Amino acid sequence: MKRKSFERVARVVTSLHIALYRASGGRIGGSLGGLKILLLTTVGRRTGRARTTPLGYLAEGSDMLIVASNGGNPWFPAWWLNLRESREAQVQVGSRKLAVIARKASREERERFWPRLVDAYQGYATYEQKTTREIPVVILSPGRPDSAESAG
């Protein structure tokens, strides 16, 4: 599918998913297969507007692991580009909302977490085979930043 067509279809599906998730406190749209779904809200790096994306995640203690796969497409998802610009974001898990700080997993962390992520959602392995770019694993930690480190 061409990028523009993919983006149009994805926008419609995403908008519906977000609306159902918010209206039901995550009861509708809160999981896909065995993977739990959160709503990630970032600030658009060009527009400055809030942008929300439903994403699969795994809990790792108080952190959440998400994957910037973009379906295996050759370009990074906009939410990841936004997080690289500003590490601060908000997540909604069920009806609970919290501020988070994002960072790209180190190579060692990615190697440790990737098999768990693939076990939770086999599509990640397919996406990795489909693209030549490294698919980032992103760690979301509760709280506000206390340093000027970049996301990645």
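Since this is a predicted model, take the numbers as computed values, not measurements. One is the number of the first residue; the rest follow in order along the sequence.
- Taken to the nearest 0.5 Å, the OG1 atom of Thr53 stands 9.5 Å off from the CZ atom of Arg51.
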Exercise. What do the steps show when you test Gln129 against Thr126 for side chain to side chain donor-acceptor pair (under 3.5 Å), and what is the final call?
Worked result: CA-CA 5 Å; Gln129 292 171 358; Thr126 303; 5.4 Å; no
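- When the side chains of ILVMFWY residues are joined at heavy-atom separations under 4.5 Å, either directly or via intervening members, Leu140 and Val67 end up in two distinct hydrophobic clusters.
- Residues Glu134 and Arg107 are paired through a salt bridge, judged by an N-O separation under 4.0 Å between the basic side chain and the carboxylate.
- In this model, a donor atom of one side chain and an acceptor atom of the other lie less than 3.5 Å apart for Arg22 and Thr52.
- To the nearest 0.5 angstrom, Thr14 atom OG1 is 9.0 Å from Leu55 atom CG.
- A distance-only check finds a donor-acceptor pair linking the side chain of Asn82 to the backbone of Arg45 [under 3.5 Å].
- At least one donor-acceptor pair under 3.5 Å links the side chain of Ser106 to the backbone N or O of Glu109.
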For this session: With salt bridge (Lys or Arg N to Asp or Glu O under 4.0 Å) as the test, would you mind laying out the steps for Arg46 and Glu85 before giving the verdict?
Result: CA-CA 10 Å; Arg46 294 188 301 226; Glu85 190 78 20; over 6 Å; no
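- For the pair Arg84 and Phe76, the cation-pi test (distance below 6.0 Å, angle within 45°) is passed.
- In this structure, the separation between CG on Asp63 and CZ on Phe113 is 7.5 Å, given to the nearest 0.5 Å.
- Atom CD1 of residue Ile139 and atom CZ of residue Arg103 lie 3.5 Å apart, to the nearest 0.5 angstrom.
- A distance of 9.5 Å separates CG of Leu38 from CD of Gln92, quoted to the nearest 0.5 Å.
- Aromatic ring orientation, Tyr124 versus Tyr127: perpendicular (interplanar angle above 60°, classes split at 30° and 60°).
- Linking Ile, Leu, Val, Met, Phe, Trp and Tyr whenever their side-chain heavy atoms come within less than 4.5 Å leaves Val100 and Val137 in two separate clusters.
- Note on Glu128 versus Arg133: no salt bridge recorded, every NZ/NE/NH1/NH2 to OD/OE distance being 4.0 Å or above.
- The CD atom of Glu108 lies 12.5 Å from the CZ atom of Arg110; values are rounded to the nearest 0.5 Å.
- Cluster annotation: Trp80 is connected to Ile66 through the hydrophobic network of ILVMFWY side chains, with a link wherever side-chain heavy atoms come within less than 4.5 Å.
- Residues Arg116 and Leu58 form a side-chain contact, since some pair of their non-hydrogen atoms from C-beta on lies under 4.5 Å apart.
- Grouping the Ile, Leu, Val, Met, Phe, Trp and Tyr side chains by contacts below 4.5 angstrom, directly or via other members, places Leu81 with Leu83.
- Side-chain atoms of Lys130 never come within 3.5 Å of backbone atoms of Asn73 as a donor-acceptor pair (strictly under, hydrogens ignored).
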